[in-house]
Amino acid sequence: MSEKDFVNKMVQLMDTEEEIDMDTNLLNLPEWDSLSLVGFLAMCRANDRYVEPRNVKAAQTVRDLYVMFTGVK
Amino acid sequence: MLGVVSGIKLSHVASIVSKNRMSIEERCAHLLTPKQAARLARGTGFKRLSIAPSEVCTSDLCYRAATELFDRGLVKREEIGALLFISEYPDYPVPATAFILQGRLGLPHDIIALDINLGCPGFAYGIYLASMLLSNMERKVMMCFGGTSSRDRWKDDTSMLPLFGDGGAVAIVEKTEGGGVNAFYNIDSYGERYDALITRRGGSRANKITDLEGNLIETERSNYEVMDGMAIMDFSLKEAPDNIEKLIEYAGITKADIDISLFHQANRMIVEALADKLKIEREKAPFKCEDIGNTTSASIPICMTELKSRGEFGSFKTALISGYGVGLAVSSAVLDLSETNVLETLQYE
C-alpha cells in the first residue's frame with residue numbers, strides 16, 4: 001500500500017476532518033482515541049498483520065502506524 | 001476443546017428487547033458533543049441502544065420470550081426437562097435465577113435448573129451444555145440468555161456506555177428423530193486474562209461501595225464493569241479466529257460451505273474485521289444489532305430474530321456461530337439451522 005493510500009485510509013478510519021500526513025503527530029489529533037486505536041488494531045488483524053496492542057498505543061506518528069501495517073520501514 | 005454431538009437440533013428461538021431505544025447522542029450527552037457522538041456511532045455501528053426500565057431484570061425479559069413460545073403452542077411446559085439461565089445478570093446473588101424462572105413459568109418440578117455465569121460466549125456454550133444434558137433425557141432443554149447490562153455502566157465510561165444494550169432470548173434444544181446430522185463445537189478458556197473484562201465489586205471478594213443507607217455510590221468507578229478495549233479486540237481477532245479455523249477443519253467443511261456466520265454482536269467493527277480475517281464474505285456474517293446494542297449472551301439469538309424480522313432468515317443448513325469475550329473465552333459451533341423456528345424480535349413495553 002502506498003503512503004498516500006495509507007494516509008487516506010487513516011483519515012477514513014479516524015473519521016477526522018484534520019489534514020494529516022505521514023509525519024502528523026498522533027498525540028495532537030483528538031480523533032486518535034480509543035475508538036481509533038481499536039479500529040487500527042482491527043484493520044491490521046483483518047489484513048493478517050499481527051501487531052501488539054502496546055505497540056499501537058506507543059505509536060507517535062502516522063508513519064509509525066504505516067510501518068506496523070505494512071512492515072515497510 | 002473440540003467435540004461433536006449428533007441427533008440434536010436448535011428447534012426454537014425467541015428474543016426480546018426494550019421498546020425504549022436511546023440514541024448514542026442522548027446516552028452520552030454529558031460526555032460528548034453531538035458531532036463526537038455521531039462519529040462514535042459510525043465507528044461502532046450502534047446508532048441506538050435498547051434500554052430496559054430500571055425495575056426490569058434479565059429474567060423478566062426471558063420470561064416474556066419463553067411465555068411467547070408457550071402461548072403460541074410451539075413448546076409445552078411439560079416437555080421441558082431442564083432450564084439453563086446463561087447470563088451474568090441474576091435476579092439475586094442467591095438463589096439461582098433458573099429456579100425463579102422455573103417457578104414463574106410454571107414448569108414441572110422434576111426438572112434441572114441451573115445458572116451459568118457467561119456473557120458474550122454464552123450461546124454456543126449453552127447449546128453444547130444442553131446437548132450434553134439431552135444425552136440422558138427424553139425431554140427438551142430451555143436456555144435463557146441475555147443481560148440488563150446497560151445499568152452496569154459507569155456514567156463517564158465512553159468505551160462501554162455507547163455499546164451495551166438490554167435484551168433477553170430463549171432457545172429450545174431437543175433431540176431429532178432418527179439421529180440427524182452432527183453439530184461440532186470448539187470451546188476455549190483463557191482464565192489468565194480474566195481481568196480484561198471485569199466487575200470488581202459485588203461478589204464475595206469485594207462488596208459494592210454504598211452510602212450508609214445502602215445506595216450504590218454512582219461516582220465510584222470500581223462499582224462498575226471495566227473493559228480493556230484493546231485486549232478484547234486483540235482477543236476477538238486472534239484467539240476467536242484461531243478457534244473458528246480449528247472448528248471448520250474439524251467439521252470437515254470449507255468456508256464456502258458455510259451458509260451464514262452468526263458472530264457475537266459486540267460491535268460492527270469486530271464483526272466485520274472477524275469476517276475479513278476469516279475470509280468470509282461480510283454479507284454472510286451479518287451485523288443486525290445497530291438499534292439494540294451489545295446484549296452479551298443474547299446477541300446471537302437476537303441477531304437471528306432480527307434477520308427473521310427483516311425477512312432475511314433463510315434455510316441455513318450449515319451455520320457457524322461464535323461468541324467471544326468475558327472469561328476470556330471463545331465458544332463456537334457449526335450446526336444445522338435449517339429446521340430452526342425463529343420468531344421475529346419481540347418488544348418489551
Side-chain angles (χ1 to χ4, degrees), chain A residues 1-21 24-72, chain B residues 24 28 31-33 35-46 156-163 193 196-197 226-242 244-245 263 266-282 285 287 324-325 328:
Chain A
M1 181 182 284
S2 72
E3 293 187 358
K4 189 181 166 200
D5 287 347
F6 183 75
V7 166
N8 288 337
K9 208 170 179 69
M10 287 311 298
V11 168
Q12 199 181 356
L13 184 140
M14 288 193 274
D15 199 357
T16 179
E17 291 169 2
E18 304 280 332
E19 288 281 324
I20 68 166
D21 57 36
T24 300
N25 188 334
L26 295 165
L27 308 180
N28 294 336
L29 276 179
E31 287 86 4
W32 183 243
D33 58 2
S34 59
L35 182 67
S36 295
L37 283 157
V38 296
F40 179 74
L41 187 66
M43 183 176 93
C44 291
R45 292 291 166 82
N47 288 278
D48 293 328
R49 290 294 306 175
Y50 187 81
V51 296
E52 290 284 347
R54 66 172 181 275
N55 293 340
V56 179
K57 286 179 189 166
Q60 300 210 347
T61 64
V62 173
R63 189 176 302 280
D64 291 343
L65 299 178
Y66 179 73
V67 170
M68 260 186 266
F69 183 69
T70 62
V72 178
Chain B
I24 303 307
C28 299
L31 297 170
L32 303 173
T33 64
K35 195 174 169 187
Q36 288 171 323
R39 173 179 171 271
L40 191 54
R42 283 195 296 275
T44 64
F46 290 126
D156 292 342
D157 185 355
T158 50
S159 70
M160 298 187 87
L161 204 59
L163 294 181
R193 297 193 223 175
L197 195 50
V226 181
M227 177 173 74
D228 180 342
M230 287 291 269
I232 295 298
M233 181 62 85
D234 186 40
F235 183 78
S236 303
L237 297 176
K238 174 70 175 66
E239 279 72 17
D242 286 352
I244 293 167
E245 292 280 9
F263 295 140
N267 60 55
R268 183 191 297 279
M269 193 191 286
I270 288 185
V271 171
E272 290 184 349
L274 186 54
D276 293 351
K277 167 78 184 152
L278 289 164
K279 311 276 189 292
I280 287 172
E281 296 161 66
R282 286 186 182 184
F287 174 76
Y324 31 82
L328 298 180

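Values reported hereafter were calculated over all heavy atoms of this structure, with side chains retained and with hydrogens, waters and symmetry mates removed. Below, chains carry the letters A, B, ... as their sequence lines are ordered, and counting in each starts from 1. From a predicted model like this one, the values you see are computed outputs, not experimental measurements.
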Exercise for the section: Taking the side chain as every heavy atom from C-beta outward, state whether B/Met230 and A/Arg54 have any atom pair closer than 4.5 Å. Expected result: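 In short, these two side chains do not touch, never coming nearer than 4.5 Å.
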
Problem - Heavy-atom check, side chain of A/Cys44 versus side chain of B/Lys277, under 4.5 Å - result: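 They are not in contact (no side-chain heavy atoms under 4.5 Å apart), so the answer is no.
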
Exercise for the section: Calculate, to the nearest 0.5 Å, the distance between atoms CG and OG1 belonging to A/Leu35 and B/Thr158 respectively. Expected result: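 A/Leu35 atom CG to B/Thr158 atom OG1 measures 9.5 Å (nearest 0.5 Å).
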
Problem - Option passing side-chain contact (heavy atoms from CB on, under 4.5 Å) with A/Leu41 (candidates B/Met233, B/Lys238, B/Met269) - result: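 Exactly one pass, corresponding to B/Met233.
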
Practice task
Step through the shown structure and confirm whether more than 12 heavy atoms of other residues, nucleotides or ligands are within 6.0 Å of NZ on B/Lys279.
Solution key: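 Count over threshold, so yes.
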
Problem - Contact origin within B/Leu40 toward chain A - heavy atom pairs under 4.5 Å - result: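 Both parts, backbone and side chain.
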
Handout entry: Between B/Thr44, B/Ile270, B/Asp276, B/Leu274, the one whose heavy-atom pairs under 4.5 Å with chain A are most numerous
Key =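 Highest number of heavy-atom pairs under 4.5 Å: B/Asp276.
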
Practice task
Check each atom of A/Gln12 against the heavy atoms of chain B and say whether the ones under 4.5 Å are side chain, backbone, both or neither.
Solution key: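 Looking at A/Gln12, nothing touches chain B.
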
Practice task
With a 4.5 angstrom heavy-atom cut-off, could you sort out which part of A/Glu52 is near chain B: side chain, backbone, both or neither?
Solution key: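 Neither; nothing under 4.5 Å.
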
Practice task
Inspect the contact between B/Lys35 and A/Asp15 and indicate whether a charged nitrogen and a carboxylate oxygen are less than 4.0 angstrom apart.
Solution key: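 Salt bridge absent between A/Asp15 and B/Lys35.
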
Handout entry: Short side-chain to backbone donor-acceptor contact, A/Arg45 and B/Asp234, under 3.5 Å
Key =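 Between the backbone of B/Asp234 and the side chain of A/Arg45 there is a qualifying donor-acceptor contact (under 3.5 Å).
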
